[in-house]
Amino acid sequence: MHRHTTFRQLEIFEAIARLGSFTRASEELFLTQPTVSMQIKKLSEAVGVPLYEQVGKKLHLTPDGQELAQAAREIFGILNRYTMSVAERQGLKQGQLRLMAITTASYFAPRLLGEFSKLYPGIDVSLRVTNKEQVLASMADNLDDLYFVGQPPEDIHVVATPIMDNPIIVLAAPDHPLAGKKKIPLARIVQEPWLMRERGSGTRNAIERMFRTYDINIHPRLELGSNEAVKQAILAGLGISALSRHALALNQPEQFAELDVEGFPILRHWYAVYPAGRQLSVVARAFLDYLLKRDEAMPAPDGRRKA
Ligand code: PGA
């Protein structure tokens, strides 16, 4: 039968089998009834056995007809999967990925993006690092593919996937008197001059929330608008602070003393977030999969990598 059968005929036959009517099949496929009848006649001749019978107005498939309808569905299923995987490979060869990261996420986002674009060099990547307000605005306008945030927004309906731990640790200058002390109580640490990130910072919110749960008020001595400024102020001996462990660049941990304070580290996560109504692009989906498959995805809470 193969030499005489066309995909068009199989498509028409599958529609007739599914809808139980020539008329409905012709409507679905935007064909005239005579075309449909003609194609089915040719198909029946090519197969050489009856495919259906008409009982009154009802159309019944014969067992041979049912088997053919099933074969047609399998063929179309295979072709669909093929078409999708070609589109996917094309998308991964030349797609675009637009990311936005909240301030502190800038310490790890470029590295992840760099690793990913080595795997898919044809993809055009962009990363904007900005504050919470702009992240929320861009999310509401559906402008970027994915957002890295420390706290998924509550007033926008989003899909949030935790991709990494984000411990907040207490940092002091290495010669600080509390360096090396064990289990420093919060009531003691709050007496130190605190350096705080600006209002609206996720890091600051997490610290304030933690102190509130212990019913302790914290009064910052200095407010500074970036992690870098806070780090410089710590090193200058102006006070202590708590920052995301990610804010210590790879070569910096030994420049600071991490203090062992009750309630710390505060265990948070980094999330990759996108608006719930958004259909992720092939590229964005591949990037998210990549993030979740990395060995260092969600390291142990103390910052060690998973074994
Ligand atoms: P941020 O970091 O402190 O720079 O706002 C985001 C977060 O940790 O939620």
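Both ligands and their constituent atoms are indexed starting at 1 by order of listing.
Within ligand 1, the atoms closer than 4.0 Å to a non-hydrogen atom of R197 are 1 (P), 3 (O), 4 (O), numbered from 1 in the order shown. Using a 4.0 Å cut-off to heavy atoms of R268, the atoms of ligand 1 that qualify are 7 (C), 8 (O), 9 (O). Under a 4.0 Å criterion applied to the non-hydrogen atoms of T103, ligand 1 contributes the atoms 1 (P), 4 (O), 5 (O).
Aromatic ring orientation, W194 versus F211: perpendicular (interplanar angle above 60°, classes split at 30° and 60°). F287 and F116 have perpendicular rings, their planes meeting at more than 60° on a 0 to 90° scale where under 30° would count as parallel.
Judged purely by distance below 3.5 Å, without hydrogens or angles, the side chains of H176 and E192 pair a donor atom with an acceptor atom. Looking at Y271 and Q151, their side chains never bring a donor and an acceptor atom within 3.5 Å of each other.
At least one N or O atom of T203, backbone or side chain, sits closer than 3.5 Å to an N or O atom of ligand 1.
Among protein heavy atoms, the minimum distance from atom 2 (O) of ligand 1 is reached at T104 OG1, 3.3 Å. Of the protein's heavy atoms, G202 N, 2.8 Å lies nearest to atom 5 (O) of ligand 1.
For D145 (side chain) and R98 (main-chain N/O), a donor-acceptor pair under 3.5 Å exists by modelled atom type.
Under a 4.0 Å heavy-atom criterion, K132 is not in contact with ligand 1. Contact between I102 and ligand 1 is present, with at least one heavy atom of the residue lying under 4.0 Å from the ligand.
In the displayed structure, Q279 atom CD is contacted under 6.0 Å by at most 12 heavy atoms of other residues, nucleotides or ligands.
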